[in-house]
Chemist: 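Below you will find the structure I want to go over with you.
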Amino acid sequence: METMRWKEDGRLELLDQTGLPHEVVYLTCSSYQDVAGAIRRLAVRGAPAIGAAAAYGLVLAAEAIKEPAREDFLLRLQAAAGELAATRPTAVNLQWALDRLLQKLRSKPNEEVPALRAALLEEAHAVYREDVAGNVKIGNYGSELVPFGARILTHCNAGALATAGYGTALGVIRAAHGAGKQVIVYAGETRPLLQGTRLTAWELVQEGIPVTLITDNMAGYLMAREKVDLVLVGADRIAANGDVANKIGTYSLAVLAGKHGLPFYVAAPVSTVDLKLTSGAEIPIEERAPAEVTHLAGRALAPEGVRVWNPAFDVTPHRLVTAVITDRGVVYPPYRENLRKVAGK
Ligand code: MRU
């Protein structure tokens, strides 16, 4: 199942993840505003996937700018990139992909608008292609860390749906499964929006990888009963010191893993590492609408008027992270030094 596909007629189709697993519907985006809306309401979600979608969104913005003068074109494109980047603040892949496309244009100071439009599309395709290839590498590096018969607890969805394809944490699981390691997976449901229940469980069931669904509050007891060998999650942003922002609930799993002496692995491409931020305290954490907490499947459960706190992500301190599995190899502490090396800085 493709997360997104670029159509020859110059439109982007996105698999609407809000309807999964029961409704498989592709949304057609004809403008960058359509893409921004889809990212905001999580029709497309997961750090690498929103990066690739935003890249195509910028291509759509460029198509719509009829301004023939290069400088005006670039100014308006920059504004569209700003709007796309503002849709979700935590995943750095979004800003990274947009910066990469804008940088491509800056590297062509003598090209006119039609050539710039073509260069943008080519670069968006490259972001998409490289993400899939990078995830396969993450899978292969990570699979080496997975013992035969491992029981793996994962959180949220860091699978094919969260990326251009194959997945990061689920990429490792796919690779280990493909290598005949007979892994079994525990998927945490991931309240409030149930990415574990709806997306991770769906991906794994489709692929025939044994998966058991648990609610988030079962993780501690699962570990206490010695039913887990390692925890494996994705990331939305990794600061220079190795602090990891990922779906809310990740931090609790890392603390529990530490308490039970279990390895806690994070799988993410190098594009998720943000060396500009010295620690996780600087990572902007998105807060979403109260209705995501008060309601379930559109039905109100909480009393009207109750106050709600709904951070979409949390930050796991680097000291709880056993290793970061990237597309350029496995990174161990000290993270400040080793993340910089792997990022080539
Ligand atoms: O709010 P979401 O569904 O976009 O959150 C996704 C996650 O937290 C993923 O774990 C992360 O983006 C990594 S995806 C490879």
Chemist: To the nearest 0.5 Å, what is the distance between OG (S107) and CG (L102)?
Modeler: 11.0 Å
Chemist: For L230 and L262: C-alpha separation, side-chain torsions, deciding distance, then whether side-chain contact (heavy atoms from CB on, under 4.5 Å) applies.
Modeler: CA-CA 5 Å; L230 61 99; L262 301 175; 5.8 Å; no
Chemist: Can you name the nearest heavy-atom pair linking N135 to G167, along with the distance?
Modeler: CB-O, 3.2 Å
Chemist: Looking at side-chain heavy atoms only, is the closest gap between N338 and K341 below 4.5 Å?
Modeler: yes
Chemist: Determine whether L296 and L194 make a side-chain contact, defined as any pair of heavy atoms from C-beta on separated by less than 4.5 Å.
Modeler: yes
Chemist: More than 12 non-hydrogen atoms from neighbouring residues, nucleotides or ligands closer than 6.0 Å to CD on Q103, yes or no?
Modeler: yes
Chemist: Return the CZ to CG distance between R70 and L74, rounded to the nearest 0.5 Å.
Modeler: 5.0 Å
Chemist: Distance check, rounded to the nearest 0.5 Å: I238 atom CD1 versus L277 atom CG?
Modeler: 12.0 Å
Chemist: Look only at the side chain of Y335 and the backbone of A323, and say whether a donor-acceptor pair between them is shorter than 3.5 Å.
Modeler: yes
Chemist: Report yes or no: do L193 and L27 belong to one cluster of Ile/Leu/Val/Met/Phe/Trp/Tyr joined by side chain heavy-atom distances under 4.5 Å?
Modeler: no
Chemist: How far apart are the closest heavy atoms of P48 and A162, and which atoms are they?
Modeler: CD-O, 3.3 Å
Chemist: For a quick test of reading the model, state the closest non-hydrogen atom pair linking A62 to L120 and the distance between them.
Modeler: CB-CD1, 3.5 Å
Chemist: Taking I248's backbone N and O only, do any of them form a donor-acceptor pair with H155's side chain (distance below 3.5 Å, no angle check)?
Modeler: yes
Chemist: Say whether, by atom type as modelled, one donor and one acceptor occur between the side chain of N310 and the main chain of E287 under 3.5 angstrom.
Modeler: no
Chemist: Group every Ile, Leu, Val, Met, Phe, Trp and Tyr by side-chain heavy-atom contacts under 4.5 Å, then state whether I152 and I209 land in the same group.
Modeler: yes
Chemist: Would the number of heavy atoms belonging to other residues, nucleotides or ligands and lying under 6.0 Å from NZ of K137 be above 12?
Modeler: no
Chemist: Look at the side-chain heavy atoms of Ile, Leu, Val, Met, Phe, Trp and Tyr, link any pair under 4.5 Å apart, and say whether V233 and L145 land in one connected group.
Modeler: no
Chemist: How long is the span from the CZ atom in R40 to the CG atom in L84, to the nearest 0.5 Å?
Modeler: 9.0 Å
Chemist: Can you see which heavy atom on L232 is nearest to which on A267, and at what distance?
Modeler: CD1-CB, 4.2 Å
Chemist: Hey, which of D236, D274, T272 is the one that makes side-chain hydrogen bond (donor to acceptor under 3.5 Å, both in side chains) with N93?
Modeler: T272
Chemist: Please assess D16 against Y26 for the test side-chain contact (heavy atoms from CB on, under 4.5 Å), listing each intermediate value before the final yes or no.
Modeler: CA-CA 6 Å; D16 185 349; Y26 279 87; over 6 Å; no
Chemist: Please name the residue in the list Q195, R198, R45 that meets the side-chain hydrogen bond (donor to acceptor under 3.5 Å, both in side chains) test with Q17.
Modeler: R45
Chemist: Taking side-chain contact (heavy atoms from CB on, under 4.5 Å) as the definition, give me every residue that meets it alongside S30, ordered by chain and number, with sequence neighbours left out.
Modeler: R11, T28, D34
Chemist: R288 and L42: side-chain contact (heavy atoms from CB on, under 4.5 Å), yes or no, with the steps?
Modeler: CA-CA 11 Å; R288 294 185 60 86; L42 271 54; 3.3 Å; yes
Chemist: Take F313 and R237, measure what side-chain contact (heavy atoms from CB on, under 4.5 Å) needs, and give me the verdict at the end.
Modeler: CA-CA 10 Å; F313 302 96; R237 195 184 299 228; over 6 Å; no
Chemist: Is any side-chain heavy atom of P311 closer than 4.5 Å to one of I285?
Modeler: yes
Chemist: Give a yes or no on whether the backbone of V342 and the side-chain of K345 come within a donor-acceptor separation of less than 3.5 Å.
Modeler: no
Chemist: Taking all non-hydrogen atoms of both residues into account, name the closest pair between G51 and A97 and its distance.
Modeler: O-CB, 3.3 Å
Chemist: If a pair satisfies salt bridge (charged side-chain N to carboxylate O under 4.0 Å, His left out) and one of its residues is in residues 114-129, list it, with sequence neighbours excluded.
Modeler: R100-E123, K104-E123
Chemist: For a 4.5 angstrom cut-off between non-hydrogen side-chain atoms, does V136 reach Y166?
Modeler: yes
Chemist: Any sub-3.5 Å donor-acceptor pair from K247's side-chain atoms to A312's backbone N or O?
Modeler: yes
Chemist: Indicate yes or no for a side-chain donor-acceptor contact from S143 to the backbone of Y141 under 3.5 Å, with no hydrogens or angles considered.
Modeler: no
Chemist: What verdict does the salt bridge (charged side-chain N to carboxylate O under 4.0 Å, His left out) test give for R191 and E292, after you've listed the backbone C-alpha separation in whole Å, the side-chain angles of each residue and the deciding distance to 0.1 Å?
Modeler: CA-CA 9 Å; R191 269 289 279 157; E292 292 181 353; over 6 Å; no
Chemist: Does the pair R174 and E207 meet the rule for a salt bridge (charged side-chain N to carboxylate O under 4.0 Å, His left out), with working shown?
Modeler: CA-CA 9 Å; R174 280 199 166 88; E207 212 137 319; 2.7 Å; yes
Chemist: Could you tell me the separation between the CG atom of L58 and the CD atom of Q78, rounded to the nearest 0.5 Å?
Modeler: 9.0 Å
Chemist: Between I50 and V273, is there a shared hydrophobic cluster once you connect ILVMFWY residues whose side-chain heavy atoms come closer than 4.5 Å?
Modeler: no
Chemist: Would you kindly check if the NZ (Lys) or CZ (Arg) of R151 is within the cone defined by 45 degrees around the ring axis of Y186 and under 6.0 Å from the six-membered ring centre?
Modeler: no
Chemist: For R106, look at atom CZ and say whether over 12 heavy atoms of other residues, nucleotides or ligands are found less than 6.0 Å away.
Modeler: yes
Chemist: Could you state whether L121 and L14 fall into the same hydrophobic cluster, counting links through intermediate Ile, Leu, Val, Met, Phe, Trp or Tyr residues with side-chain heavy atoms under 4.5 angstrom apart?
Modeler: yes
Chemist: Donor-acceptor pair, T322 side chain versus P263 backbone, under 3.5 Å?
Modeler: no
Chemist: Should we count CZ of F264 as having more than 12 external heavy atoms under 6.0 Å?
Modeler: yes
Chemist: Would you compute the distance between atom CE of M4 and atom CG of L15 and round it to the nearest 0.5 angstrom?
Modeler: 9.5 Å
Chemist: Under 3.5 Å, side chain of K7 to main-chain N/O of E13, donor-acceptor pair present?
Modeler: no
Chemist: Just to verify, what does A164 make a side-chain contact (heavy atoms from CB on, under 4.5 Å) with, not counting sequence neighbours?
Modeler: Y128, D131, V132
Chemist: Test your reading of the model: is there a side-chain donor-acceptor pair from E203 to the backbone of L161, 3.5 Å cut-off?
Modeler: yes
Chemist: Consider side chain to side chain contact (heavy atoms under 4.5 Å, CB included). Of L339, I138, T326, which one does V270 pass it with?
Modeler: T326
Chemist: Taking the side chain as every heavy atom from C-beta outward, state whether T163 and T3 have any atom pair closer than 4.5 Å.
Modeler: no
Chemist: Would you call T200 and L170 a side-chain contact if the rule is heavy atoms closer than 4.5 Å?
Modeler: yes
Chemist: Could you check whether the rings of Y56 and W6 sit parallel, tilted or perpendicular, using 30° and 60° as the cut-offs?
Modeler: parallel
Chemist: Heavy atoms, side chains only, cut-off 4.5 Å: are V244 and V315 in contact?
Modeler: no
Chemist: So do K276 and E282 actually touch side chain to side chain, heavy atoms under 4.5 Å?
Modeler: no
Chemist: If you look at every heavy atom in G242 and V321, which pair is closest and at what distance?
Modeler: O-CG2, 4.3 Å
Chemist: Quick check: does any side chain N or O of D243 sit under 3.5 Å from a backbone N or O of G280, one acting as donor and the other as acceptor?
Modeler: yes
